[in-house]
Each structure stands twice: as C-alpha cells, then as structure tokens.
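Below is one structure, written out as structure tokens; the observations come after it.
Numbers here simply count residues along the sequence, with the first being 1. Values reported hereafter were calculated over all heavy atoms of this structure, with side chains retained and with hydrogens, waters and symmetry mates removed.
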Amino acid sequence: MAGLKIAYVAYYDLGIQTAAREHIIQVVQEFARRGNRVSLYVKSADGAQFDGSVEMIEIPTGLSLFFDKKCARALSRGEKPDILYVRDFINAHRVIEWAHRNRIPIVLEHNGLYFAEMKSLPMKSRIMFRLDSLFGRFGERVRKADLNIVVAPAIGKFLAERFGIPGEKFVHIPNGVDTEKFAPAVNKAQLRRKLGLPPEAVIIGYIGSMYPWHHLGELIKGFEAVAEKRRDLFLLLGGGGLMLPRIEKLAAQSIVRDRIKIISPLPVDRSPDYIAALDIGVALMSPEVAPYCWQVKVNHYAASGVVSVMTYAEDFEELFASGVAVGVREPAPNQIARALENLLSDSKYAQMGKSAREFAVKNLSWSKIVDRIIAQIQKIGRQRWGN
C-alpha cells in the first residue's frame with residue numbers, strides 16, 4: 001500500500017511517555033515509510049518526530065468531547081483523506097460521522113474495552129463513557145467502521161455480541177514492539193553492574209506503572225515465598241503510580257527486603273536497559289480485565305529475551321505455547337510463587353527467554369504489525385474502490 005492519504009486521529013498528548021505514545025508513533029511512522037501521506041491529529045505532538053510525509057495537526061483541548069468537535073472541523077478543512085484511522089476514544093462521534101457522511105472508509109482501533117475497565121477509569125472518564133454508551137454513540141461508531149482492529153480477541157467477541165455486529169468486521173492485531181530498542185543484553189552481568197544491580201543474581205522484575213490492578217503487593221508476597229528457599233533471587237520494581245507508597249511500605253517490611261529494590265521514578269528511555277537486565281518479567285492484571293489487554297510489557301520483555309509471568313486468558317494461548325509467558329489463573333501470592341518456581345526449575349526461564357525473543361522478532365515487530373494493518377486497509381480498498 002502506497003500513495004494513500006491517511007488521516008490518523010488520536011485523542012492523546014504525545015508529550016506523555018507511555019506505551020500508547022509508542023504505538024501511535026510507530027504505526028504512523030510505518031505508514032509514512034511505505035510512501036503514504038499521513039495527517040496526524042492529536043492533542044499535542046510535543047517531542048514527536050517522524051521520517052517521511054507526516055503532517056501533525058494539534059488540537060489542544062482537555063475534554064474528548066471538545067477534541068472530537070474541533071477535530072471534525074479540522075478534517076473538513078483539510079484535504080479529503082482516503083482512509084480515516086481512529087484510535088478509539090470516548091465521544092469519538094463527530095469524526096466518525098464526518099467520514100461516514102463523506103463516504104470515507106473508517107478503521108477504528110480498540111486498545112482496550114471500556115466496559116471491562118470502568119472500575120479503573122477516573123470518575124470523569126466513567127461519566128463520559130456512561131453518556132457515550134447511553135446515547136448509543138459507542139455502538140454506532142463501531143457499526144459505522146469498515147474495520148474494527150482489536151488488540152485482544154476478546155474485545156472483538158464482546159463488541160460483536162454486544163452490538164449484533166458480524167464477527168468479520170473485527171480483526172485481532174496485537175500491540176507491537178521495537179525489536180531493536182528492546183533487545184537482549186550483550187553482556188547481562190556488565191549491564192547489571194552499570195545499573196547497580198547484583199550481576200550474578202536471578203532477577204525477577206516489574207517495569208511499568210504501579211496501580212492496584214497490577215497486583216504488585218501479591219507479587220512481593222509470592223516472591224518472599226520463593227526467595228526464602230533460594231538466596232540467589234532478587235526482585236526489581238521500577239516505575240511509579242498510585243500504588244508506589246504502598247509498595248515501598250510492603251518492601252520495607254518484607255522478610256527479604258535486602259533483596260528487593262524499587263527504582264522510582266524510572267525514566268522511560270532507561271526502561272529497555274532495566275528490562276534487558278531481568279531474567280523473569282512480571283505482567284499481572286486483574287482477571288476481569290486481563291482478557292481484554294494485550295500488554296505491551298509482555299512484548300517488551302519478550303523482545304528483550306525475558307519470559308513473562310502474566311494473568312492467564314484463553315485467547316493468549318499462543319503466547320504460552322510459544323514460550324513467551326506462563327499464566328496464573330489468579331494473581332494470588334501462592335500462584336505467583338508456583339509460576340516462579342516452575343520457571344526457576346532447571347533454569348527453564350533461560351530457554352524460554354530465547355523462545356520469547358524469537359517470537360517477538362517473527363510476530364511482534366512494528367513492521368510486521370503494520371504489514372497486517374495495511375493488508376486490512378487494502379482489503380477495504382478493494383471492497384470500496386474495486387482495486
């Protein structure tokens with residue numbers, strides 16, 4: 001696919017260093033590298049840089065409702081695109097209606113499921129989503145989209161059933177990873193010395209935001225149970241967030257506190273080094289949310305040659321079968337401890353880390369992910385334009 005004019009809409013501030021920022025920039029960059037012209041509509045493009053033909057249009061506003069309204073106006077003033085690509089956000093109504101009215105093919109990307117995430121959302125977002133849902137606009141935009149890309153299969157299944165939409169309008173394409181930025185350490189012991197970590201330990205770690213649904217308290221308890229039996233284990237927790245004070249307190253009170261290290265804040269640009277220093281990565285989520293998330297943490301760990309312990313969900317069986325991760329049914333200390341003991345047995349984590357890297361390179365590089373997106377856009381084009 002080349003030579004298309006793509007309008008990419010994301011209610012997001014690219015000045016905020018998160019996985020969402022990485023996703024947006026990488027997809028837009030890959031579109032442009034393939035010879036397409038991309039207009040990127042965001043709240044702020046602060047710090048974002050692209051190769052190729054990318055025009056950035058900033059729509060600074062606090063509320064998604066106002067962003068949607070202003071973005072629709074900006075789209076109507078610009079050159080008519082061949083494709084409208086929207087990273088779904090609450091109240092993304094007018095931009096979808098504008099494209100539908102102008103017979104522009106619509107791709108709607110779902111990176112989570114609001115229905116499952118309601119309890120975790122801030123009150124303002126919960127109210128906005130409730131209104132969005134009650135007035136039928138969420139279901140309406142899902143129906144109007146020519147294609148709904150979902151990062152986890154369960155999202156598509158839920159939406160298809162909820163709104164009576166044919167399953168073929170949903171395609172599962174996971175989050176990707178920069179396999180050059182996230183890569184195995186050339187010399188892990190040397191890297192650890194540089195980071196102030198024990199060079200010969202078996203390091204279990206979590207790198208990312210710290211919120212209740214990540215179950216870091218349970219991780220500490222599970223680690224304790226295993227670390228009492230093995231003196232070579234070390235736990236690294238890096239990041240920040242709502243749970244940080246609680247996690248710091250639990251770590252300080254732990255019976256193995258001398259083998260737990262918390263690094264906060266941990267700059268995003270340093271996270272590849274800390275991840276590459278791990279032997280086992282942890283990516284737990286609450287069971288009610290886990291099926292609807294394709295965790296970028298798992299991608300980062302895998303690309304770095306690090307196996308993950310994650311909450312089990314049936315749709316992620318490929319990750320378990322490919323050696324990328326092991327699953328726990330409930331993120332409880334005893335189940336976490338059993339998963340860790342399984343990986344530690346005969347140093348199983350080392351071979352699985354190699355398998356995880358192979359899987360990431362073969363299936364999860366951004367180039368591979370965008371190849372799959374482009375194939376779907378081409379399919380829409382043949383249906384719409386007959387070529």
Side-chain angles (χ1 to χ4, degrees), residues 12-27 29 46-49 111-112 151 174-199 201-211 213-216 219-220 223 234-244 247-248 251 260-285 293-310 319 324-325 349 353 356-357 359-361 364-366 369:
Y12 200 77
D13 181 349
L14 294 181
I16 302 174
Q17 300 281 336
T18 65
R21 179 185 190 272
E22 177 186 348
H23 190 140
I24 294 164
I25 289 176
Q26 291 286 351
V27 172
Q29 182 69 85
D46 183 35
Q49 295 181 342
N111 286 273
V151 296
N175 281 308
V177 61
D178 186 335
T179 55
E180 294 183 4
K181 179 179 177 182
F182 292 90
V186 175
N187 186 322
K188 188 168 284 192
Q190 184 178 346
L191 173 62
R192 288 173 171 179
R193 290 189 187 95
K194 176 183 174 184
L195 299 174
L197 301 174
V202 177
I203 300 182
I204 299 160
Y206 172 91
I207 307 296
S209 300
M210 299 179 179
Y211 290 99
W213 51 89
H214 293 130
H215 298 275
L216 297 179
L219 169 60
I220 290 175
F223 172 76
F234 189 88
L235 179 63
L236 172 66
L237 304 173
L242 182 64
M243 286 297 290
L244 178 60
I247 297 308
E248 289 176 327
I260 300 176
K261 183 170 185 176
I262 298 174
I263 300 176
S264 185
L266 193 155
V268 173
D269 61 351
R270 298 299 307 281
S271 64
D273 284 341
Y274 282 98
I275 290 173
L278 303 178
D279 291 301
I280 299 171
V282 178
L284 298 170
M285 291 287 285
C293 300
W294 185 282
Q295 292 194 63
V296 175
K297 271 190 284 293
V298 175
N299 291 16
H300 290 170
Y301 295 152
S304 304
V306 176
V307 64
S308 296
V309 175
M310 62 183 289
L319 297 180
V324 174
Y349 63 85
R357 170 66 182 179
F359 183 90
V361 171
L364 300 176
S365 72
W366 281 114
I369 295 301

For [Y], does its backbone N or O pair with a side-chain atom of [X] as donor and acceptor, under 3.5 Å?
X      : Y      : result
Ser264 : Gly239 : yes
Gln295 : Ala283 : yes
Asn175 : Val296 : no
Arg357 : Ala303 : yes
Tyr301 : Val282 : yes

Just say parallel, tilted or perpendicular for the rings of His214 and Tyr206, cut-offs at 30° and 60°.
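Aromatic pair His214/Tyr206 classed tilted.
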So how far is it from [X] [atom1] to [Y] [atom2], rounded to the nearest 0.5 Å?
X      : Y      : atom1 : atom2 : result
Ile25  : Leu14  : CD1   : CG    : 5.0 Å
Ile203 : Leu197 : CD1   : CG    : 4.5 Å
Lys261 : Leu235 : NZ    : CG    : 12.5 Å
Phe182 : Asn299 : CZ    : CG    : 9.5 Å
Ile280 : Phe223 : CD1   : CZ    : 10.0 Å
Ile263 : Ile207 : CD1   : CD1   : 7.0 Å

With the side chain counted from C-beta on, respond yes when [X] and [Y] share a heavy-atom pair under 4.5 Å apart, and no when they do not.
X      : Y      : result
Phe359 : Leu319 : yes
Leu364 : Thr179 : no
His300 : Val177 : yes
Ser304 : Leu278 : no
Val309 : Ile204 : no

Which residues share a side chain to side chain donor-acceptor pair (under 3.5 Å) with [X], sequence neighbours left out:
X      : result
Tyr12  : Thr18
Gln29  : none
Asp178 : none

I need the full list of salt bridge (Lys or Arg N to Asp or Glu O under 4.0 Å) pairs touching residues 185-195, with sequence neighbours left out, sorted by first then second residue.
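Salt bridge (Lys or Arg N to Asp or Glu O under 4.0 Å) check on residues 185-195 returns Lys188-Asp279, Arg192-Asp279.
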Applying salt bridge (Lys or Arg N to Asp or Glu O under 4.0 Å) as the test, list every pair that has at least one member in residues 202-211; sequence neighbours left out.
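As it turns out, there is no salt bridge (Lys or Arg N to Asp or Glu O under 4.0 Å) pair with a partner in residues 202-211 once direct neighbours are skipped.
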Identify the heavy atoms of [X] and [Y] that sit nearest to each other, and give their distance.
X      : Y      : result
Leu191 : Ala276 : CD2-CB, 3.9 Å
Ile260 : Ala251 : CG2-CB, 3.9 Å
Leu266 : Gly238 : CD1-CA, 3.8 Å
Arg21  : Asp46  : NH2-O, 4.3 Å
Ala277 : Leu195 : CB-CD1, 4.0 Å

Partner residues of Asn187 under the side-chain contact (heavy atoms from CB on, under 4.5 Å) criterion, sequence neighbours left out
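Listed in chain order: Ala189, Gln190.
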